[in-house]
Amino acid sequence: MPNAVSLPNPVAELPEVGDLRAQLRRRGVAHTLDSTRLTRALYSSDASLYRVVPQAVAHPRTVEEAVAVLDAARAAGMPVTTRGAGTSCAGNAVGPGLVLDTARHLTAITALDPEARTATVEPGVVQSSLQVAAAPHGLRFGPDPSTHNRCTIGGMIGNNACGPRALGYGRTADNVVALDVLTGSGERILLDGSESVDAFASLTALKKVVGANLGTIRTEFGRFGRQVSGYSLEHLLPERRFDVARFFAGTEGTLGVILGATVRLVADAPHKLMIALGYASMADAGDAAPAILPHRPTAAEGLDRRIVEVVRRTHGESAVPPLPRGDGWMFVEVVGDDPAEVRARAERVLADGQALDGFVVDDPRQALALWKIREDGAGLAGVSLASPAYPGWEDAAVPPEHLGSYLRDFDALLGQHRLDGVPYGHFGDGCVHVRIDFPLTTAGGDAVHRAF
Ligand SMILES: Cc1cc2nc3c(=O)[nH]c(=O)nc-3n(C[C@H](O)[C@H](O)[C@H](O)COP(=O)(O)OP(=O)(O)OC[C@H]3O[C@@H](n4cnc5c(N)ncnc54)[C@H](O)[C@@H]3O)c2cc1C
């Protein structure tokens, strides 16, 4: 029996919501606050296993109101959790104090410059809305989590979100140009590379931390693309010119609130081809991932039969176009300006993909349907096993050359604990998600979870 873990009580030290309301009133923004039972319940969960009921939720209508709300929260000593769409899988968007909701009103795209290939947005802009605005200029925002039709740019920066096409276009951190942030200590800083470190106590302190730990940061941080958990201190190294805006990506709202962001847009290549590759297993697909990478794919996604079956059960037979033979698949995308070059590269992926079976998907509608399986599968994986499976074991980051053996070992580990799981993920980046059927609703289930 594992030792019981004693967790701190997150609500023990919280101030009264009345104190916060009084501070908001003084600043003329009490109307933004909602502390009704229903709203607190609605904001108590995200896409994770956790439930934390907040004291109250604020829905600022403008950036200025958000600044006033944060000032009031600071004065009242109320902790703040900033929230976009709340699609995080690890409890990132829930908290016991005040939840600051950016998704309801802070949704303006304030500038889009096709020449400079940048867009400036308020934090609650949904990724797909930015895509719609950028598309007429032949541009797109690169990273595209499966939740793109609801997740916000603020939340993407908060999580340093990636998605299938981060393989081709970079992570959110790689696409941040400048951020307008309000730190936890109340400093409003425009992080655009021209900020003066000496003018801000928080930046001065950050620089000191980096200076005192250069060796560790150089050897341990940023070793491979998907090493994105925790603070990405590598962006603060002197040789990277102390890039605080990029560093801010992935800090999950713990250092401050993003009030506005300028992000990079990339050319949306006019010619795209998908290659569907079939393998005996997901692990075999994982083994083949490194062989695909020299062909510069913009996406290389892995999934297994159980996800395909649940899509078929949920959306009907017609939702699943013909697939190559196998029980595990890799979907690869190559893009470019020259159709002949794109076709040649797709054929090389097919030849080098070490697959049992495969084909280039010529019909764009069929390609769309196949990508939709991968996209919907992320949400449906939880119901694809005999018993419910849960999120929480997210974003295992494995250098692609170890992906196949990682998947085999992981399967064996699940077996040892008599658990089952449905892995899927961004194989080109060595990033694996899984939903595991922890018996959380049966007696002793918690112990099984802890033991695993
Ligand atoms: C089915 C499913 C599939 C997913 N697929 C992917 C995927 O492929 N790739 C991927 O990267 N992620 C994925 N995710 C996780 C999640 O959807 C993304 O990370 C998404 O970008 C989060 O955006 P959001 O608006 O929901 O942010 P939220 O969940 O609301 O917030 C995310 C984090 O950012 C912080 N935050 C939000 N707004 C701000 C702000 N203005 N200032 C400072 N901090 C802020 C929050 O406090 C929180 O810590 C998936 C989730 C689900 C449920």
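Counting starts at 1 for both ligands and their atoms, following the listed order.
In this structure, CD on Glu234 lies 10.0 Å from CZ on Arg246, to the nearest 0.5 angstrom.
Of all atoms in ligand 1, numbered sequentially from 1 with element shown, those under 4.0 Å from a heavy atom of Gly253 are 43 (C), 44 (N). Atoms of ligand 1 lying under 4.0 Å from at least one heavy atom of Pro123, given by number and element, are 41 (N). Of all atoms in ligand 1, numbered sequentially from 1 with element shown, those under 4.0 Å from a heavy atom of Ala161 are 11 (O), 19 (O), 21 (O). For ligand 1, the atoms sitting less than 4.0 Å from at least one non-hydrogen atom of Cys89 are 51 (C), 52 (C), 53 (C), numbered in the order shown with element in parentheses. Close contacts between ligand 1 and Gly84 involve ligand atoms 25 (O), 28 (P), 30 (O), 37 (C) [criterion: under 4.0 Å to a heavy atom]. For ligand 1, the atoms lying closer than 4.0 Å to a non-hydrogen atom of Val257 are 42 (N), 43 (C). Close approach to Arg83 involves these atoms of ligand 1, each under 4.0 Å from a residue heavy atom: 30 (O). Of all atoms in ligand 1, listed by their number and element, those nearer than 4.0 Å to a heavy atom of Pro145 are 6 (C), 7 (C), 8 (O), 9 (N), 10 (C), 12 (N), 13 (C), 21 (O).
A salt bridge links Arg408 and Asp284; the closest N-O separation between the charged side-chain nitrogens and carboxylate oxygens is under 4.0 Å. Taking 4.0 Å as the cut-off between side-chain N and carboxylate O, Asp144 and Arg165 count as a salt-bridged pair. A salt bridge does not link Asp243 to Arg241: none of the charged nitrogens lies less than 4.0 Å from a carboxylate oxygen. Under the 4.0 Å criterion applied to side-chain N and carboxylate O atoms, Arg305 and Glu309 are assigned as salt-bridge partners.
In Thr147, the part holding a heavy atom less than 4.0 Å from any atom of ligand 1 is the side chain. When non-hydrogen atoms are compared, ligand 1 lies under 4.0 Å from the side chain of His426 (C-beta onward) but not from its backbone. Under 4.0 Å from ligand 1, heavy atoms of Ala85 appear from its side chain as well as its backbone.
Using cut-offs of 30° and 60° on the angle between ring planes, the pair His433 and His426 is perpendicular.
At a 4.0 Å cut-off, not a single heavy atom of Ala103 sits close enough to ligand 1 to count as contact.
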